[in-house]
Amino acid sequence: MHVNGETKIYAIIGDPVEHTISPFLHNSAFKATELNSIYVAFRVIPERLAQAVDGLRSLSVKGFNVTIPHKVTVSPLLDEIDPSARKIGAVNTVKNTNGRLMGYNTDGEGALMALEEANINLKGKTIILGAGGAARAIAFTLVKHVNEIVICNRTEAKALELASELRKHTDIPVTGKKLDFQLSSEELDDGDLIINTTSVGMHPDIDNSPINTDVISRNITVFDIVYTPFKTKLLKEAEARGAKTVPGINMLVYQAMKSFEIWTKKTVNVEVFFKAATNALERQ
Ligand code: ATR
């Protein structure tokens, strides 16, 4: 890559951000498209978010990703928010057009594409574990595709709140309840898809699973958005019980591909992102 005066800069802001693999994904895509652009990671502490966003705007950074803990608090600092990101209440992608910052959320779309790519039949009941930012993005996207949603969260009030918000946008049954490790087989009965959006099972918590997998049958699909480790305990056990599984790296890759499209209007073969993500995770 030749960095010169015309090189366009893209970034990710978060805290912590040291272990993000997004730079590997986007820089591989810039290479594949031969765009004179680079993507860098900036640690931004919450107290400096407003200054950092203004700095990115002033320095003509063309686009940036937003990650933990800024996905919600960045919204009021932007000039415009895409309607679906507004509904979700979180932004993970910002495009800078001549100093005007527009916010998007590609997490839900990334999850949907990961499921579609794995040929998962979405016409059924979906159980979402968690009610945080990722759960919101996924729920607001999937509500247009599935026939029923159950939100299970450790803090029950958040599950009930998200379910009630979702019901304003759909006629399908949506319920919220407390996340119970002993999710019973009746609760899973006619359940078709379980999506884990909690951090349970994420490195270093690799010996835990958000639910007891004894009740998982071969007719269920389990999608875990956690991608460190590549195969979480939940996915391993679901697979051993004959269930279909979708790993979190797929969502990571598709949300990155969508951000890249928003910024550059170019579609890169998803394999470029997959290869970069796999290599980066192997190196960690
Ligand atoms: P993200 O943006 O990744 O969704 P988040 O908004 O902080 O992150 O949400 C984290 C989710 O993981 C929440 O649903 C959280 O449950 P609470 O609302 O009860 O906090 C869930 N979570 C985190 N640790 C958990 C644990 N040990 N057991 C069950 N759920 C957990």
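Ligands are counted one by one from 1 in listed order, and the atoms in each one are counted from 1 as well.
Shortest non-hydrogen contact noted between G176 and L160 is O-CD2, 3.3 Å.
Ring geometry for Y39 against H26 counts as parallel: the plane angle stays under 30°, on a 0 to 90° scale with 60° as the upper cut. Below 30°, between 30° and 60°, or above 60°: for W263 and Y10 the angle between ring planes is between 30° and 60°, a tilted geometry.
Between K266 and E261, no side-chain nitrogen of the basic residue sits less than 4.0 Å from a carboxylate oxygen of the acidic one, so the salt-bridge criterion is not met.
H169 NE2: more than 12 foreign heavy atoms inside a 6.0 Å radius.
Residues N219 and D192 form no side-chain contact, since every pair of their non-hydrogen atoms from C-beta on lies 4.5 Å or further apart.
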Distances for all N or O pairs of ligand 1 and the protein under 3.5 Å?
unit_1	atom_1	unit_2	atom_2	d
ligand 1	4 (O)	G133	N	3.2
ligand 1	4 (O)	A134	N	2.9
ligand 1	6 (O)	G133	N	3.0
ligand 1	14 (O)	A131	N	3.0
ligand 1	14 (O)	N153	OD1	2.7
ligand 1	16 (O)	N153	OD1	3.3
ligand 1	18 (O)	N153	ND2	2.8
ligand 1	18 (O)	K158	NZ	2.8
ligand 1	19 (O)	R154	NE	3.0
ligand 1	19 (O)	T155	N	2.9
ligand 1	19 (O)	T155	OG1	2.5
ligand 1	20 (O)	R154	NH2	2.8
ligand 1	24 (N)	S199	OG	3.4
ligand 1	27 (N)	R154	NH1	3.4

